[in-house]
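First listed ligand is number 1; within each ligand, the first listed atom is number 1.
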Amino acid sequence: MSVHTLQTAIRDIADFPKPGIIFKDITPILADPILFRESISLLCETVSGTKIDKVVGIDARGFIFAAAVADRLGAGFVPVRKKGKLPWKTRQTAYSLEYGESIVEIHEDAIRPGESVLLVDDLLATGGTAAAAVQLLDELGAKLVGISVLIELSFLHGREKLLDHPVFSILKYP
Ligand code: AMP
């Protein structure tokens with residue numbers, strides 16, 4: 001299957017959740033068993049040959065991809081969640097994203113120092129969300145192998161916030 005087939009399944013929603021934002025709706029990919037499996041395969045290929053201990057997913061659409069990638073790679077899954085959702089002791093950091101501001105948290109025992117970690121999200125826009133997750137992972141002593149996203153809005157230059165780590169994207173919007 002070509003990457004183009006995946007791309008054509010993504011639905012552009014204008015002015016959601018705020019005026020001026022074109023929201024990339026990935027639910028048609030999720031609803032199609034072949035497209036969903038292909039998207040997971042492509043995300044796994046970004047780190048093929050590298051042993052991954054934990055796949056970290058970002059709240060909320062990142063969970064969908066990260067959990068499936070973790071299962072496929074034989075790794076554990078760790079959620080980075082929006083403030084107030086995790087029940088145990090957390091580390092947190094504030095950040096801004098394409099359409100707002102937020103705080104994300106991780107359980108402080110979710111990753112042991114030196115564990116190999118892959119960070120997964122559905123979409124990289126300004127990079128604020130991923131950079132916040134990277135900061136939490138750095139604080140926990142994770143060995144971050146890379147950041148893999150299905151969609152990269154390249155025109156927002158999110159990669160520039162993530163210069164210390166490899167960023168892999170499947171579908172790029174220049
Ligand atoms: P950013 O922090 O600006 O890189 O934003 C990335 C996060 O916000 C990801 O978790 C995405 O799910 C979400 N996001 C930002 N912009 C969009 C968009 N245009 N379409 C869909 N999701 C988006």
Original post:
Under 4.5 Å between any side-chain heavy atoms of Tyr173 and Ser154, yes or no?
Top reply: no
**OP:** Specify the protein heavy atom at minimum distance from atom 16 (N) of ligand 1: its residue, its atom name, and the distance to 0.1 Å.
**Re:** Glu98 OE1, 2.6 Å
Original post:
Given Lys89 and Asp109, is the salt bridge (Lys or Arg N to Asp or Glu O under 4.0 Å) satisfied, shown in steps?
Top reply: CA-CA 8 Å; Lys89 293 175 190 167; Asp109 61 354; over 6 Å; no
Subject >> Check ion pair Arg81-Glu105 (N to O, under 4.0 angstrom) >> reply: no
Original post:
Would you say the side chain of Glu152 lies within less than 4.5 Å of the side chain of Leu171, judging by non-hydrogen atoms?
Top reply: no
**OP:** May I ask you to identify the nearest protein heavy atom to atom 3 (O) of ligand 1, giving residue, atom name and distance to one decimal place in Å?
**Re:** Thr126 OG1, 2.5 Å
**OP:** Give me the one residue out of Ile106, Thr90, Thr129 that meets side chain to side chain contact (heavy atoms under 4.5 Å, CB included) with Val80.
**Re:** Ile106
Subject >> Distance from atom 19 (N) of ligand 1 to nearest protein heavy atom, with residue and atom >> reply: Ile22 O, 2.9 Å
Subject >> Subset of ligand 1 atoms that lie under 4.0 Å from at least one heavy atom of Asp121 >> reply: 9 (C), 10 (O)
**OP:** May I ask you to identify the nearest protein heavy atom to atom 4 (O) of ligand 1, giving residue, atom name and distance to one decimal place in Å?
**Re:** Gly127 N, 2.7 Å
**OP:** Examine ligand 1 and decide if any of its atoms is less than 4.0 Å from a heavy atom belonging to Asp59.
**Re:** no
Subject >> Option with minimal heavy-atom separation from atom 6 (C) of ligand 1, where the choices are Leu150, Asp25, Leu97, Leu123 >> reply: Leu123
Original post:
Asp122 heavy atoms, cut-off 4.0 Å: which ligand 1 atoms fall inside?
Top reply: 9 (C), 10 (O), 11 (C), 12 (O)
**OP:** Below 4.0 angstrom from a heavy atom of Arg61, which ligand 1 atoms are there? Numbered from 1 as shown, please.
**Re:** 11 (C), 12 (O), 13 (C), 22 (N)
Subject >> Residues, nucleotides or ligands: over 12 heavy atoms within 6.0 Å of Arg37 CZ >> reply: no
Original post:
Among Phe23, Phe16, Tyr95, which residue places a heavy atom closest to atom 21 (C) of ligand 1?
Top reply: Phe23
Original post:
Nearest protein heavy atom to atom 7 (C) of ligand 1, by residue and atom, and its distance?
Top reply: Thr129 OG1, 3.6 Å
Original post:
At the 4.0 Å heavy-atom cut-off, does Gly62 count as touching ligand 1?
Top reply: no
**OP:** Would you mind checking which non-hydrogen protein atom is closest to atom 13 (C) of ligand 1, with the distance to 0.1 Å?
**Re:** Tyr99 OH, 3.4 Å
**OP:** Output the list of atoms in ligand 1 that are nearer than 4.0 Å to some heavy atom of Leu153, sorted by atom number.
**Re:** 19 (N)
Original post:
Looking at Leu144, Leu43, Val47, Thr50, which hits side chain to side chain contact (heavy atoms under 4.5 Å, CB included) with Leu118?
Top reply: Val47
Original post:
Got the closest protein heavy atom to atom 20 (N) of ligand 1, with its distance?
Top reply: Lys24 N, 2.9 Å
Subject >> Note, Asp59 side chain near Val104 side chain (heavy atom, < 4.5 Å) >> reply: no
Original post:
Take atom CD1 in Ile103; do more than 12 heavy atoms of anything else shown fall under 6.0 Å from it?
Top reply: yes
